[in-house]
Asks: 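Mind having a look at this structure? Questions to follow.
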Protein chains: 2
Amino acid sequence: MISVAIIDDHKILTEGLANLIDESGIATVIGVAHSAADCRLSLGFWRPDVLLLDVGLPDVSGVDFCREVKAQFPEINVLALTTHNEYAIVRQMLDNGASGYLVKNAMADEVLAGIAAVAAGRTFLCHEIDLLMKKPSSKNIWLSPRERELLRLISEGLTNGEIAEQIFLSPETIKGYRKNLLLKLGAKNTAVLVKMALEQKLI
Amino acid sequence: MISVAIIDDHKILTEGLANLIDESGIATVIGVAHSAADCRLSLGFWRPDVLLLDVGLPDVSGVDFCREVKAQFPEINVLALTTHNEYAIVRQMLDNGASGYLVKNAMADEVLAGIAAVAAGRTFLCHEIDLLMKKPSSKNIWLSPRERELLRLISEGLTNGEIAEQIFLSPETIKGYRKNLLLKLGAKNTAVLVKMALEQKLI
DNA sequence: CGTACTTACCCCCCAAAGGGGGTTTTTAAT
DNA sequence: ATTAAAAACCCCCTTTGGGGGGTAAGTACG
């Protein structure tokens, strides 16, 4: 029997989900947490085979928490469970150690299939995400770490000069990055750039 | 017995939620839809006392759908059920006819209390939202329709001149609105303005 | 009747962004 | 060893944005 822990702040969802898993016969829920802090306290005792992890936690980013969990318990298979269907989020989760990714509007059988797959050491993407990751789309934009950093600073309202000061580069360099970001995202100006960055969860 | 219909695209959540409601003894679920389109087809047959409405539907904005439902079936009490805890969203839902508002991480008993309250014709806000709406905070920003329109056009990357052309106003007027928006939201520049607009769901 | 808010308009001035053209070094992959 | 990408840098020029000051009509509400 596969042991599963769930971490999600939506209490209504966790109850239903725990029921679903327990009644499936393939897995059993050994713990539920509603925040990353709760989870840190218990995860060492639970030692689940699979951790169902919501990306939209109240206290920390799911990406960071996934990395944290994998660093401390590499044997736990993390299965992301979230509302986000953006390329950048999926990719960041997978890059940070997640074994699978489910969107919350997936069917119940996909949840069980995902749990079984990641418990067996395989990777699993639900149908919708599988399509998203395979289909080469102009919306599937991937930025370098430096570009993401610049985008973050731009969205915080820093001017080229201020950014240059903060990260010890020439203002002309910042200008170059900015031009490149506009080109890469196909944005007309800063307003659109920030909008796309937030909508596509690039920062 | 109160009759309830649920509209939410998160299938895992609706199953658990329907169970919870049916077992409470105070209400019974007479229908579930996973999109606004599905709901339109069935709502006339169901005629529920309470409609549990997710604001993050895949096909239309929950605000628009709420207005639509109330226009067609004024006797149905709409209870918003969503992840969003932003002032602007709550206010827009209430302005468009919702009788109550629940966040998805609310406890199960709040869901039942909310259903009972709105079925009885009262309004209901879950604890977290009640606090949010009462506490006068600098984050509780409310814009006039015109300001929201301007904010939308700015976030789409239009320049003052382009906006002026589109809505038949002087570019200087647009500039005035822009300055006022920066002041109202406390934003340093357009980048921050767009970021705040999206984060606080003002557009 | 007054007050507050929305909508609409105008001036000057300079800082910042955006379009165009480039170069070099380092790093990673094939 | 070659290629490709990321990271860093530079100059010229025009458009746009943002800070500072305003004015004034319309309307909603007590």
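Here is how names work: the chains are called A, B, and so on, in the same order as the sequence lines, proteins then strands, and each is numbered from 1.
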Asks: With respect to Leu52(B), which candidate in Thr14(B), Ile7(B), Leu17(B) satisfies the side chain to side chain contact (heavy atoms under 4.5 Å, CB included) definition?
Replies: Leu17(B)
Asks: What integer distance in Å separates Leu182(A):CG from dT16(D):P?
Replies: 15 Å
Asks: Starting at CH2 of Trp142(A) and ending at P of dA5(D), how long is that distance when rounded to a whole Å?
Replies: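 The answer, rounded to whole Å, is 17 Å.
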Asks: Give me the distances for all protein-to-nucleotides 8-10 of chain D N/O pairs that come in under 3.5 Å?
Replies:
residue	atom	partner	partner atom	Å
dA8(D)	OP1	Arg146(A)	NH2	3.2
dA8(D)	OP2	Arg146(A)	NE	2.6
dA8(D)	OP2	Arg146(A)	NH2	3.3
dA8(D)	OP2	Tyr177(A)	OH	3.1
dC9(D)	OP2	Ser170(A)	N	2.9
dC9(D)	OP2	Thr173(A)	OG1	2.8
dC9(D)	O5'	Thr173(A)	OG1	3.1
dC10(D)	OP2	Ser170(A)	OG	2.9

Asks: What residue among Thr83(B), Thr82(B), Asn85(B), Asp8(B) forms side chain to side chain donor-acceptor pair (under 3.5 Å) with Lys104(B)?
Replies: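 Answer after filtering Thr83(B), Thr82(B), Asn85(B), Asp8(B): Asp8(B).
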Asks: Indicate whether any N or O donor in one side chain lies under 3.5 Å from an N or O acceptor in the other, for Ser3(A) and Asp49(A).
Replies: yes
Asks: Among residues 148-167 of chain B, which ones have heavy-atom contacts with DNA chain D below 4.0 Å?
Replies: Thr159(B), Asn160(B)
Asks: Grab the N/O contacts between the protein and nucleotides 23-30 of chain D below 3.5 Å, and write none if there aren't any.
Replies:
none

Asks: Arg178(A) CZ to dT15(D) C1': how many Å, rounded?
Replies: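 Distance check: Arg178(A) CZ to dT15(D) C1' gives 15 Å.
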Asks: OH/Tyr101(A) to CD1/Ile129(A) distance, rounded to the nearest 0.5 angstrom?
Replies: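 If we round to the nearest 0.5 Å, Tyr101(A):OH and Ile129(A):CD1 are 5.5 Å apart.
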Asks: Enumerate the residues from residues 188-203 of chain A whose closest heavy atom to DNA chain D is under 4.0 Å, giving them by residue number; use none for an empty result.
Replies: none
Asks: Just the endpoints, please: which first and last nucleotides of DNA chain C, 5' to 3', lie under 4.0 Å from a heavy atom of chain A?
Replies: dA16(C) to dG21(C)
Asks: Would you list the pairs meeting salt bridge (Lys or Arg N to Asp or Glu O under 4.0 Å) in which at least one residue belongs to residues 29-38 of chain A, sequence neighbours left out?
Replies: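 Found none.
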